[in-house]
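Single-structure report; data block below.
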Amino acid sequence: MALELYLDLFSQPCRAVYIFAKANGIPFVFKEVALIQGQHKTEEYGKVNPMKKVPALKDGDFTLSESNAILRYLARKFKTPDHWYPSDLQKCARVDEYLSWQHTNTRKCNSKLYTAKALLPLLLGQPAPPERLEQLMKELNEILDLLEDKFLQDRAFVAGSDISLADLLAVVDFMQPLGAGYDVFEGRPKLAAWRSRVQQAVGKELFEEAHRELFRERDWKFDRLSPEEKEQLTQNMLKYVQ
Amino acid sequence: MVLELYLDLLSQPCRAVYIFAKKNNIPFVMKSIEMLKGQQFSEEFNKVNILRKVPVLKDGEYTLEESTAILLYLTRKYNTPSHWYPPDMKKRGRVDEFLAWQQGTIRVSASKILWLKVVIPLFLSQHVPVEKLHDAAEELNAALQKLEEKFLQDKPFLVGAEVSLADLVAITELMQPLGAGLDIFEGRPKLQEWRRRVEVILGKELFLEAHGRILNSQELRNMSIDPPLKVQMKPLLLKMLK
């Protein structure tokens with residue numbers, strides 16, 4: 001029975017799983033879960049992943065959630081090249097360290113940025129006020145500083161001279177704000193250079209293909225909301241991005 | 001050169017690392033960093049970890065953070081019994097999945113409860129609105145339900161018949177609200193039984209030793225905080241209250 005991957009390529013961790021599987025020639029059935037249509041909230045999907053999130057993996061009767069777990073599982077099962085999840089103790093730990101840190105740091109920040117740059121302007125009819133975004137920009141800068149000074153330093157990739165799961169998760173995450181036309185690596189040549197290296201290592205064509213969904217025009221259906229609903233949503237989003 | 005572990009036993013991830021190292025007779029030098037005394041801000045600690053967080057592992061010149069990364073590093077370097085991180089791909093996947101999932105759920109709400117009920121009052125000399133505490137408790141409740149329904153189910157331990165890193169991390173997290181006088185095991189017989197089993201395996205003495213400070217909620221509530229530290233932490237704490 002073929003492996004199934006439940007994905008919405010709008011979501012950062014889904015892109016990481018997709019790119020990893022494709023780059024390594026891992027055979028799988030793509031099961032689309034359209035977040036914008038709430039398909040992750042269905043009872044049917046709940047049987048695949050009771051946490052009702054994407055990505056999820058189904059290997060026969062075995063289901064697995066959390067991109068950190070899925071990526072490691074795929075690396076082990078399909079015996080992908082060592083550099084993805086190195087057997088070297090210290091290199092592997094660098095990957096583990098990043099995978100753990102990014103989960104509650106970069107993901108949230110980049111999602112907030114997307115909201116601030118793509119969604120709020122749609123609701124407000126104008127860009128979000130800069131004072132409101134002040135704290136978010138500060139947070140972003142701290143994270144970018146850490147990416148440069150702690151996780152990359154003078155290495156080509158997070159774990160050393162080769163790409164690993166860490167770089168993959170990192171690169172897709174920082175692509176999210178680009179979906180809103182905002183390049184977080186502007187003014188950061190070191191990070192921009194790293195991003196190019198990762199794209200090259202993964203394959204430009206595959207990288208672009210994986211990000212097509214992010215750049216596609218999306219119908220958020222805000223005009224279908226009542227004025228009160230719209231106001232409530234705007235307020236919630238403003239609070240979220242602070 | 002002996003391994004150094006920078007730990008504050010008031011922190012859940014630090015306790016997991018501490019217990020794991022001790023249980024497996026891994027030789028290390030304990031470097032105590034007391035967060036409530038602001039010791040994480042010292043120049044000295046900054047040289048060890050620019051993230052200013054604990055736990056941190058220092059193995060000669062090599063430093064590593066993120067408890068998940070540290071725990072995996074220790075299992076590999078010291079060849080600990082295989083049940084901690086099972087060789088079976090699916091069980092191992094389950095451990096990875098739990099470790100990733102809990103970071104964004106249990107860890108967050110368990111920490112919040114201690115911060116809201118104990119730390120913020122200590123630092124800001126004010127009580128937190130009841131609704132905030134209520135919300136945090138609800139969040140934790142929802143996470144605990146998922147823990148029971150998806151992970152534990154009818155098994156003796158989280159991923160099967162034997163204790164693993166998942167149980168170790170889980171139990172240190174579930175003990176955290178106790179520092180705020182909230183016993184989450186009350187009314188949850190299944191979790192109580194699981195806790196008892198885990199404590200037996202880890203060793204009651206070691207378990208109590210690691211949890212000494214968090215269990216002494218009286219001492220915690222009566223700590224005196226340095227005035228300059230109160231000033232320094234105020235903005236972060238006020239943000240938590242928003």
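By convention in this document, chain letters (A, B, ...) are assigned in the order of the sequence lines, proteins followed by strands, and residues within each chain are numbered from 1. Values in this document were obtained by computation on a predicted structure and should not be read as measured data.
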message = Any salt bridge linking B:Lys90 with A:Asp61? Criterion: basic side-chain nitrogen under 4.0 Å from a carboxylate oxygen.
response = no
Quick one: pull up [atom1] in [X] and [atom2] in [Y] and give me the separation to the nearest 0.5 Å.
X        : Y       : atom1 : atom2 : answer
A:Lys150 : B:Glu65 : NZ    : CD    : 3.5 Å
A:Tyr73  : B:Arg94 : OH    : CZ    : 9.5 Å
A:Ser67  : B:Asp96 : OG    : CG    : 11.0 Å

inquiry  = Using every non-hydrogen atom in the two residues, find where B:Lys77 and A:Leu89 come nearest and quote the distance to one decimal.
reply    =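 Nearest pair, atom of B:Lys77 first, then A:Leu89: CB-CD2, 3.6 Å.
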inquiry  = Restricting to non-hydrogen atoms, name the atom on A:Ala69 and the atom on B:Gly93 that form the minimum distance, rounded to 0.1 Å.
reply    = CB-O, 3.8 Å
Which pairs of donor and acceptor atoms, one on a side chain in residues 19-29 of chain A, lie under 3.5 Å apart (sequence neighbours left out)?
residue, atom, partner, partner atom, Å
A:Asn24, OD1, A:Trp84, NE1, 3.4
A:Asn24, ND2, A:Phe20, O, 2.9

message = Counting only non-hydrogen atoms closer than 4.5 Å, can you tell me which residues of residues 128-153 of chain B sit against chain A?
response =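 Contacts with chain A: B:Lys146, B:Lys150, B:Phe151.
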Any donor and acceptor pair, going by atom type alone, linking the side chain of [X] with main-chain N or O of [Y] inside 3.5 Å?
X        : Y        : answer
B:Tyr62  : A:Gln90  : yes
B:Glu97  : A:Leu64  : no
A:His103 : B:Ala100 : yes

key: Option that, when pairs with chain B are counted at under 4.5 Å, heavy atom only, ranks first among A:Gln135, A:Lys108, A:Lys239, A:Arg107   = A:Gln135
